[in-house]
Amino acid sequence: MSQTPDVRPADSLDPGAAARSSPRRRAGGTPAVRKVRRWPLIVLRCVITAFLLLTLVQPVLAGMFITGDVDLLDLHEINAHTISFLSWLLVINTVLLWRPGRGPAWPIALAVVVAFLVQTQTGSGYSRALGLHIPLGVALVAGATALTYWAFAYRGGRR
């Protein structure tokens, strides 16, 4: 008939007291929401938009070069280097979207693939391998469009 006395503090008798006093909770007892940083998504949207626009300009410059405006080949080359730079900046931004932005990790792999495809595209352009250069350019435009659509459709912090 002897029972061990309950020696817990008075606030521990209430099962919800520990949860309410948790640092993950706000003062009013509502659960704390993990703060999602929005700036990585905003930066990603800016970079991917610039990447898409420059990628869309590339076939126009190439087409105008083929029709006889030889000076546009230099602009095509400068644009290719800018796209290359933006592709690696895109990789960095997708990493920042993942951490600290708490976004998904799969865009990192896609951005790395896009960056390597851009390098391949540039190399095939310099080697004048048009059998690879033109289809790869079309694929890059399609990939950039899909990634841009995802970046603007993605709502960070919502599951």
Side-chain angles (χ1 to χ4, degrees), residues 19-20 22-159:
R20 283 192 298 272
S22 169
R24 292 181 166 238
R25 294 214 166 236
R26 291 184 185 162
T30 58
V33 178
R34 295 173 65 185
K35 186 176 180 181
V36 176
R37 292 178 174 89
R38 300 267 312 156
W39 67 264
L41 182 60
I42 293 169
V43 172
L44 177 69
R45 287 176 179 168
C46 292
V47 170
I48 193 63
T49 300
F51 182 83
L52 176 64
L53 291 176
L54 292 178
T55 304
L56 290 172
V57 166
Q58 276 298 81
V60 173
L61 293 173
M64 292 176 76
F65 163 70
I66 290 173
T67 58
D69 197 350
V70 180
D71 294 335
L72 290 179
L73 185 60
D74 292 336
L75 200 53
H76 185 74
E77 181 181 14
I78 292 169
N79 198 29
H81 290 299
T82 307
I83 289 172
S84 177
F85 172 74
L86 284 178
S87 69
W88 292 109
L89 196 59
L90 186 63
V91 171
I92 293 170
N93 284 330
T94 53
V95 170
L96 290 175
L97 178 67
W98 177 56
R99 296 289 183 263
R102 302 181 194 271
W106 66 264
I108 298 170
L110 184 60
V112 168
V113 169
V114 166
F116 279 110
L117 289 179
V118 166
Q119 300 306 314
T120 304
Q121 174 73 353
T122 304
S124 66
Y126 277 121
S127 66
R128 302 188 192 280
L130 296 181
L132 176 64
H133 191 69
I134 293 173
L136 191 55
V138 172
L140 280 173
V141 168
T145 303
L147 198 55
T148 304
Y149 172 77
W150 174 82
F152 280 93
Y154 174 71
R155 302 285 176 232
R158 295 182 185 167
R159 301 273 175 189

Less than 4.5 Å apart, side chain to side chain, heavy atoms only: is that true for [X] and [Y]?
{"X": "Phe51", "Y": "Leu147", "answer": "no"}
{"X": "Thr49", "Y": "Phe152", "answer": "yes"}
{"X": "Leu54", "Y": "Phe85", "answer": "no"}
{"X": "Thr120", "Y": "Leu132", "answer": "yes"}

How long is the straight-line distance from [atom2] of [Y] back to [atom1] of [X], given to the nearest 0.5 Å?
{"X": "Thr82", "Y": "Leu75", "atom1": "OG1", "atom2": "CG", "result": "9.0 Å"}
{"X": "Cys46", "Y": "Leu86", "atom1": "SG", "atom2": "CG", "result": "11.5 Å"}
{"X": "Ile42", "Y": "Asn93", "atom1": "CD1", "atom2": "CG", "result": "12.0 Å"}
{"X": "Leu44", "Y": "Trp150", "atom1": "CG", "atom2": "CH2", "result": "6.0 Å"}
{"X": "Ser87", "Y": "Ile92", "atom1": "OG", "atom2": "CD1", "result": "10.0 Å"}
{"X": "Leu72", "Y": "Leu61", "atom1": "CG", "atom2": "CG", "result": "6.0 Å"}

If you look at every heavy atom in [X] and [Y], which pair is closest and at what distance?
{"X": "Ala151", "Y": "Leu41", "value": "O-CD1, 3.8 Å"}
{"X": "Tyr126", "Y": "His81", "value": "OH-NE2, 3.0 Å"}
{"X": "Ile83", "Y": "Gln58", "value": "CD1-CG, 3.4 Å"}
{"X": "Ser84", "Y": "Gln119", "value": "OG-NE2, 2.5 Å"}
{"X": "Arg102", "Y": "Tyr154", "value": "O-OH, 4.2 Å"}

For residues 94-101, dump all side-chain donor-acceptor pairs below 3.5 Å to protein atoms at least two apart in sequence or in another chain.
from: Thr94; atom 1: OG1; to: Leu90; atom 2: O; distance (Å): 3.2
from: Thr94; atom 1: OG1; to: Val91; atom 2: O; distance (Å): 2.7

Could you list the donor-acceptor pairs under 3.5 angstrom formed between side-chain atoms of residues 135-145 and any protein atom two or more places apart in sequence or on another chain?
from: Thr145; atom 1: OG1; to: Val141; atom 2: O; distance (Å): 2.7

Over 12 foreign heavy atoms within 6.0 Å of CZ, Phe116: no

Within 6.0 angstrom of Arg37 CZ, more than 12 heavy atoms from elsewhere: no

Under 3.5 Å, side-chain donor or acceptor atoms of residues 105-113 against the rest of the protein: list the pairs with distances, not counting sequence neighbours.
none

